[in-house]
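A short write-up of the structure that comes next.
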Protein chains: 2
Amino acid sequence: MRPQGPRNTRQRILEAAETAFGNEGYSGTRLHHIAERVGVQKASLFHYFTSKEHLYCAVLDEGAGQAEEIVKHVLESEGEPIDKIRALLRVCIDMVVTYPERTKIQLRQSLGDAPPGFQPTDASERMLCLVADLVASDELAKSLSPIDPFAFVLGLMGMVAFFFTSGPVVAPSWFGQQDAASVRDRIERHVNEVMERCLDGQSHAAKSSAVL
Amino acid sequence: MRPQGPRNTRQRILEAAETAFGNEGYSGTRLHHIAERVGVQKASLFHYFTSKEHLYCAVLDEGAGQAEEIVKHVLESEGEPIDKIRALLRVCIDMVVTYPERTKIQLRQSLGDAPPGFQPTDASERMLCLVADLVASDELAKSLSPIDPFAFVLGLMGMVAFFFTSGPVVAPSWFGQQDAASVRDRIERHVNEVMERCLDGQSHAAKSSAVL
DNA sequence: CGCGCAATCTACCGAACGGTCGGATGGGCC
DNA sequence: GGCCCATCCGACCGTTCGGTAGATTGCGCG
């Protein structure tokens with residue numbers, strides 16, 4: 001009997017696992033369900049990955065590897081640091097829209113979800129270093145002054161991630177009606193708007209503290 | 001034998017459960033651990049709460065109830081809608097700093113974590129309606145124009161939540177060194193800065209799309 | 001005291017889960 | 001055909017987890 005489905009079983013397992021880990025969390029996903037969705041017996045998972053934890057790491061590796069490539073490509077391009085930030089934010093939105101489950105996994109991980117003895121991927125560490133260098137550049141600090149570049153970048157990233165993954169749950173009426181593309185468009189415009197407003201005009205610190 | 005510890009066992013269970021659900025997620029928390037931390041036998045949990053799911057709901061109820069009170073108080077105060085948003089953001093920061101685990105639970109829930117047959121608390125629904133009304137007010141739309149008020153509020157909330165819960169994990173070197181109070185102060189200033197910059201100055205939509 | 005009642009304990013259960021074992025299947029290759 | 005090897009399967013194992021049953025303790029009160 002032809003083993004059902006095309007022969008990229010390993011890849012299909014990875015994809016199903018990504019979906020499962022994203023939607024159910026690490027301890028919430030049952031290997032049984034992954035196998036079911038792939039259309040394979042649970043034991044077959046252990047043929048490709050030695051344990052649940054290894055499968056999880058493989059999923060993360062895959063994502064981190066892709067992300068590293070993209071980020072590297074953006075950072076190697078010509079342009080001022082602030083433009084690289086702009087580009088980075090755009091690819092960030094792309095990633096979140098294209099791979100929502102992957103984003104969920106990342107968010108979950110930042111909340112503390114992970115197998116007991118887990119440590120970050122090499123790829124993700126390298127990527128983080130690249131971005132950190134950019135964020136720490138004097139040139140960027142000058143463009144943003146007096147805004148803290150780190151807070152700026154992390155805040156906008158968080159905003160994007162939160163929007164797409166949590167928005168539909170918090171306010172389904174707002175997101176549910178329209179197709180993903182138009183939501184994406186609206187969000188991207190908003191984030192850009194906020195970003196550009198931060199980029200010019202001077203400090204409002206006095207005004208802010210007056211409100212306190 | 002005097003049952004060990006002070007007699008507010010129920011409350012202590014709730015607190016331990018909040019910590020556990022926040023840090024481990026719903027399917028990640030073990031009732032055994034909660035009992036252990038309270039200093040009580042696992043079976044005792046079932047004396048106060050009929051099931052894991054009920055315990056989870058009780059934790060959420062507690063949080064939602066407190067939050068509703070605070071939000072109601074803010075919304076009933078005098079002032080323009082935009083000032084209420086400012087105040088709301090400030091209490092939001094307060095909540096996130098004071099009850100980090102509660103925030104994590106909320107974030108997890110928006111990612112899809114929850115017992116199988118779960119539906120939102122009445123309190124949280126009421127609170128959401130109150131805020132939704134405010135966000136939908138014409139007056140606020142005018143203050144923010146052309147920024148979408150909904151995107152504005154949701155985005156800033158997401159930014160705050162992401163900062164405190166995920167920031168320390170994504171970049172421990174940035175957060176770990178200083179005490180919570182100073183981190184809080186820095187974040188609050190940043191969020192206020194971003195907010196105030198959004199509040200004045202006109203649209204940068206043209207500039208933004210030029211970047212695309 | 002002695003009764004009731006709430007709270008807590010010890011001990012256990014059934015189900016589900018991660019993981020293992022040994023065998024079946026079937027295609028490629030000589 | 002005959003062999004190999006990757007792939008996949010059905011059945012099973014040990015542990016853990018949520019949940020239950022029943023006994024025990026100790027306090028309040030007539």
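Predicted model only: the values in this text are computed from it and were never measured. Below, chain A is the first sequence line, B the second, and so on; all start at residue 1.
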(request) May I ask you to decide if Asp113(A)'s main-chain N or O and Arg108(A)'s side chain share a donor-acceptor pair within less than 3.5 Å? (result) no
(request) Without swapping roles, check the side chain of Ser110(B) against the backbone of Leu107(B) for a donor-acceptor pair under 3.5 Å. (result) yes
Expressed as a whole number of angstroms, how long is the span from [X]:[atom1] to [N]:[atom2]?
| X | N | atom1 | atom2 | result |
| --- | --- | --- | --- | --- |
| Glu36(B) | dC17(D) | CD | C1' | 14 Å |
| Ile34(B) | dG19(D) | CD1 | P | 11 Å |
| Phe46(A) | dG22(C) | CZ | P | 17 Å |
| Arg10(A) | dA6(D) | CZ | C1' | 14 Å |
| Lys42(A) | dG19(C) | NZ | P | 9 Å |
| His32(A) | dC9(D) | NE2 | P | 13 Å |
| Lys52(A) | dA16(C) | NZ | P | 16 Å |
| His47(A) | dC9(D) | NE2 | C1' | 12 Å |

Nearest of [options] to any side-chain atom of [X]?
| X | options | result |
| --- | --- | --- |
| Ser44(A) | dC9(D), dC17(C), dT10(C) | dC9(D) |
| Val40(B) | dC8(D), dA11(C), dT8(C) | dT8(C) |
| Gln41(A) | dG18(C), dC9(D), dT7(D) | dC9(D) |

(request) Using a cut-off of 6.0 Å, state whether more than 12 heavy atoms not belonging to Glu80(A) lie near its atom CD. (result) no
Does a side chain donor of either [X] or [Y] reach within less than 3.5 Å of an acceptor in the other side chain?
| X | Y | result |
| --- | --- | --- |
| Gln41(B) | Glu36(B) | no |
| Glu125(B) | Gln119(B) | no |
| Tyr56(A) | Gln109(A) | yes |

Answer yes or no: does a side-chain N or O of [X] lie under 4.0 Å from OP1 or OP2 of [N]?
| X | N | result |
| --- | --- | --- |
| Ser51(B) | dG18(D) | no |
| Tyr48(A) | dA6(D) | no |
| Thr9(A) | dC8(D) | yes |

(message) For Thr50(A) and Arg30(A), find the nucleotide of DNA chain C closest to each by heavy atoms; which residue's nucleotide sits nearer the 5' end?
(response) Arg30(A)
(message) His54(B): which residues meet the side chain to side chain donor-acceptor pair (under 3.5 Å) condition with it, sequence neighbours left out?
(response) Thr50(B), Ser51(B)
(request) With a 4.0 Å heavy-atom cut-off, tell me which residues in residues 112-120 of chain B come close to DNA chain D, sorted by residue number. (result) none
(message) Need one value for Ser27(B): base, sugar-phosphate or nothing, where a base atom within 4.0 Å counts as base even if backbone is also close, heavy atoms only.
(response) nothing
